[in-house]
2 protein chains.
Amino acid sequence: MKLAEAKQQFISSWGAFGTHWGINRTMAQIHALLLISPDPLSQDDIMEELSVSRGNANMNIRELVDWGLVDRVIIPGERKEFFVAEKDIWKVATQIVHERKKRELNPMLKLMDNLSEVEGDKKDKHIRQFTETIDGIKRFGHSADKMLDTLVKADENWFIGNLMKLFK
Amino acid sequence: MKLAEAKQQFISSWGAFGTHWGINRTMAQIHALLLISPDPLSQDDIMEELSVSRGNANMNIRELVDWGLVDRVIIPGERKEFFVAEKDIWKVATQIVHERKKRELNPMLKLMDNLSEVEGDKKDKHIRQFTETIDGIKRFGHSADKMLDTLVKADENWFIGNLMKLFK
DNA sequence: ATGGCATTTCAATAAGTTTTGAAAATTCAG
DNA sequence: CTGAATTTTCAAAACTTATTGAAATGCCAT
């Protein structure tokens, strides 16, 4: 397969993927493009390669920077800003886990803490099932939280090494 | 907090959550409703509790059954079908992991295998960065795949126990 | 300070997704 | 069989989210 074709396929499927993961198509495509780019790209480069508008490119680049997946870089002698993606996939993954944990898991656990304070007759089966469900989610959520924290802090080799021992 | 209020909050936030996870609002709400229901519910019960249309309820219940999160049950003497959710959150989570792995991770790895066969001068930096990125994703993906397989097969206590030892 | 390039914003529009509800198909008791 | 109850389908409408592009703002060398 030729590079140009492979590149197109990679970008377009990374984009399709993104949509399953709460990341929008353009954001994922920009990320894909930067991942395979040996050099930093400017906003105009990105607009041109992906045929997207200025506003769209700007907004999604900013989002990628917010997520910590892309960095702005200054190229001496150039007026424009350039962008590079973190290339180490392990770091990309832990960064994403970190952000989603912060944005989704933590608020959810907070909500569950609230909901466990439901009042009423403990013998009523509706009350009983409600509190059991909430408690189950809380317990599970706290384990997940702890595990993900460790994962985020861990070094890739340490992690994979130990995990593989554990999982034989 | 009163049960009715807590229930509303739980259903509505579980729905909002779902949307971050590629699950649509109604599907997640139906799931939430069934999770806290001590008894099986019929499609009409669900339509009424959540104020959604017949078609919408039908379609999303079917999806939940496809995902293995909800079972149809027959109640003797009743003509209608009834539905119950798997209540064990660990099982819910592993079921979701299993399905998403099948639907998303596996196809992605297959694609990466394809893309690694890009032809051209290995010294060209574009080719080099492309193959390095693809290889990185492949390696990471295969580790994740193995780990998730083990997780899906594992028993909750075994898993949490070992993990906590590892992660102290 | 000014002009010119770069970046950001945002209202309008387009694209995509979910929901509705009525019609069609299916099921099953009598 | 028949027909009433139940489930499924699907085109149209409602709603949500993403994208555009022009205008506003920011930035910096002169």
Side-chain angles (χ1 to χ4, degrees), chain A residues 11-34 40-67 69-84 100 103-104, chain B residues 11-34 40-67 70-84 103-104:
Chain A
I11 290 172
S12 110
S13 29
W14 201 255
F17 256 107
T19 62
H20 290 296
W21 284 88
I23 288 163
N24 84 40
R25 177 189 253 45
T26 307
M27 183 172 161
Q29 288 187 348
I30 294 173
H31 188 216
L33 176 62
L34 288 170
L41 300 181
S42 70
Q43 179 171 300
D44 289 276
D45 295 334
I46 292 168
M47 287 163 55
E48 169 152 13
E49 285 257 17
L50 303 178
S51 322
V52 296
S53 71
R54 185 165 299 286
N56 196 9
N58 189 273
M59 172 163 185
N60 285 296
I61 291 169
R62 191 138 32 88
E63 194 85 356
L64 284 164
V65 172
D66 278 357
W67 275 75
L69 300 173
V70 164
D71 290 325
R72 286 168 204 277
V73 297
I74 304 298
I75 296 194
E78 287 274 9
R79 181 118 175 228
K80 292 184 202 172
E81 294 182 313
F82 285 74
F83 302 92
V84 277
R100 297 198 71 168
R103 296 171 194 215
E104 294 159 33
Chain B
I11 290 173
S12 110
S13 31
W14 201 254
F17 259 109
T19 62
H20 291 296
W21 284 90
I23 287 164
N24 84 40
R25 177 188 254 40
T26 306
M27 182 170 159
Q29 288 186 347
I30 295 174
H31 189 217
L33 176 62
L34 289 171
L41 299 181
S42 69
Q43 179 168 301
D44 290 275
D45 295 336
I46 292 168
M47 286 164 56
E48 168 150 14
E49 285 257 16
L50 303 178
S51 323
V52 296
S53 70
R54 185 166 298 286
N56 195 6
N58 189 273
M59 174 164 183
N60 285 296
I61 290 170
R62 191 135 34 87
E63 194 85 355
L64 284 164
V65 172
D66 278 356
W67 276 76
V70 164
D71 290 327
R72 286 169 204 276
V73 297
I74 305 298
I75 295 194
E78 287 275 6
R79 179 116 177 229
K80 293 184 199 173
E81 294 182 313
F82 285 75
F83 302 93
V84 276
R103 295 170 194 216
E104 295 159 34

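Throughout, a chain's letter reflects where its sequence line sits, starting with A, and its residues are numbered from 1.
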Residue met sooner reading DNA chain D from 5', once B:E81 and A:M27 are mapped to nucleotides: B:E81

Can you tell me how far P of D:dC28 sits from CD of A:E78, to the nearest Å? 15 Å

Whole angstrom value for the distance that separates P of D:dT25 from CZ of A:R62: 16 Å

Round to the nearest Å and state the distance from B:R72 atom CZ to C:dT26 atom P. 15 Å

Take atom CD1 of A:I75 and atom P of C:dA6, then tell me their distance rounded to the nearest Å. 13 Å

From CA spacing to verdict: side chain to side chain donor-acceptor pair (under 3.5 Å), B:N58, B:R54: CA-CA 6 Å; B:N58 189 273; B:R54 185 166 298 286; over 6 Å; no

In residues 51-61 of chain B, what residues come within less than 4.0 Å of DNA chain C, judged by heavy atoms? B:S51, B:V52, B:S53, B:G55, B:N56

Please step through side-chain contact (heavy atoms from CB on, under 4.5 Å) for the pair B:L41 and B:F83, ending with a clear verdict. CA-CA 5 Å; B:L41 299 181; B:F83 302 93; 5.7 Å; no

Say whether, by atom type as modelled, one donor and one acceptor occur between the side chain of A:D45 and the main chain of A:S42 under 3.5 angstrom. yes

Roughly how many Å is it from CD1 in A:I46 to C1' in C:dT7, rounded to a whole number? 13 Å

Rounded to whole Å, the CD-P distance (A:E63 to D:dT17) equals 14 Å

Is there a side-chain contact between B:W67 and B:M27 (heavy atoms, below 4.5 Å)? yes

Round to a whole Å and report the spacing from NE2 of B:H20 to P of D:dT16. 15 Å

Length of the line joining B:I74:CD1 and C:dA29:P, which is rounded to integer Å: 11 Å

Any donor-acceptor pair under 3.5 Å joining the side chain of B:R25 to the base of C:dT18? no

Report yes or no: is the cationic atom of A:R100 (NZ for Lys, CZ for Arg) under 6.0 Å from the centre of the six-membered ring of B:W21, at an angle within 45° of the ring normal? yes

Is B:T26 close enough to C:dT19 that one of its side-chain N or O atoms is under 4.0 Å from OP1 or OP2 there? yes

By the 4.0 Å heavy-atom rule, please label B:Q43 as base, sugar-phosphate, or nothing. base

Do A:I30 and A:L34 come within less than 4.5 Å of each other through their side chains, counting heavy atoms only? yes

How are the rings of A:F17 and A:W14 set relative to one another: parallel (under 30°), tilted (30 to 60°) or perpendicular (over 60°)? tilted

